[in-house]
Amino acid sequence: MISPARLVQLSIFLFTIHLVICKLEFTNIKCVTLDPEFAVFHYCFLKSVNRTYKYYSLKVKLLKTPVSNVKINIATFQRLNGYKPFLYNVTVDGCRFYKHQRSNPVFSYFFNFFKDYSNINHSCPYDHDIILDKVSISHANTQVTNVLPVPHGNYLYRADWYAYNIKRATVDVYAKIY
Ligand SMILES: *[C@@H]1O[C@H](CO)[C@@H](O)[C@H](O)[C@H]1NC(C)=O
Ligand SMILES: *[C@@H]1O[C@H](CO)[C@@H](O)[C@H](O)[C@H]1NC(C)=O
Ligand SMILES: *[C@@H]1O[C@H](CO)[C@@H](O)[C@H](O)[C@H]1NC(C)=O
């Protein structure tokens with residue numbers, strides 16, 4: 001569990017990054033199933049429609065439904081010499097989170113990036129394919145300003161999905177902040 005002091009620190013950073021990000025752009029997405037008998041990806045891709053509109057979509061088929069125990073770890077990495085852990089490493093109980101979104105502001109921040117584009121909009125159990133449809137970053141970019149200095153660089157947002165405490169899949173979203 002993260003300490004309250006650390007939470008405050010993270011919240012301040014999140015607020016700051018809202019102000020300082022110039023532009024965030026997806027550069028790649030990779031989906032890996034670690035247990036093909038539990039979950040398989042039907043698709044997982046990044047598409048550039050034009051310079052300003054890029055999105056990713058993915059669909060994962062759950063083979064052992066219903067799933068009523070889910071844990072998600074999101075960690076962020078910055079590319080220096082290879083990708084190094086950077087700033088966030090949060091784990092939530094996926095079944096509990098949906099009903100208690102304010103309990104974890106950091107995870108809520110990440111969840112907000114894709115929640116409007118997904119069918120993960122309910123609590124457990126999950127008894128259907130999980131779809132993220134055309135997750136676009138442009139809505140995030142509209143809130144930011146060019147005025148302050150920018151943490152330019154390449155970042156990786158890694159989501160590890162656990163069911164019944166076994167890691168089943170990993171989704172890596174690569175992004176560039178410039
Ligand atoms: C990019 O594509 C989107 C969706 O088709 C469209 O709404 C938008 O106007 C396009 N932007 C440019 C700069 O062409
Ligand atoms: C995140 O934290 C967990 C628990 O402290 C640790 O096991 C894991 O290695 C960390 N992940 C990263 C990417 O640092
Ligand atoms: C969840 O999303 C689906 C598809 O977008 C929608 O049909 C459904 O009504 C939503 N459910 C809730 C509880 O918001």
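These numbers come from the heavy atoms of this one structure, side chains and all, not from hydrogens, waters or symmetry mates. Note that ligands are numbered from 1 as they come in the structure, with each ligand's atoms numbered from 1 the same way.
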Does atom CG of N50 have more than 12 heavy-atom neighbours from other groups under 6.0 Å away? yes
When you check the side-chain N and O atoms of N73 and T91, is any donor under 3.5 Å from an acceptor? yes
Would you confirm whether T27, through its side chain, and K176, through its main-chain N or O, come within 3.5 Å as a donor-acceptor pair? no
Among all the protein's non-hydrogen atoms, which is closest to atom 13 (C) of ligand 2, and how far away is it? F77 CZ, 3.4 Å
Shortest non-hydrogen separation from A39 to L63 and the atoms involved: N-CD1, 4.3 Å
Hey, is atom 7 (O) of ligand 2 under 4.0 Å from any protein heavy atom? no
Atom 4 (C) of ligand 1 sits nearest the protein heavy atom Y53 CD2, 3.7 Å
What protein heavy atom sits nearest atom 10 (C) of ligand 2, and how far off is it? N89 ND2, 2.5 Å
Give the residue and atom name of whichever protein heavy atom lies nearest to atom 5 (O) of ligand 1, and the separation in Å to one decimal. V49 CG1, 4.0 Å
Check this for me - ligand 1, N50, N or O atoms closer than 3.5 angstrom, yes or no? yes
In short, A163 meets F38 closest at the heavy-atom pair CB-CZ, 3.4 Å
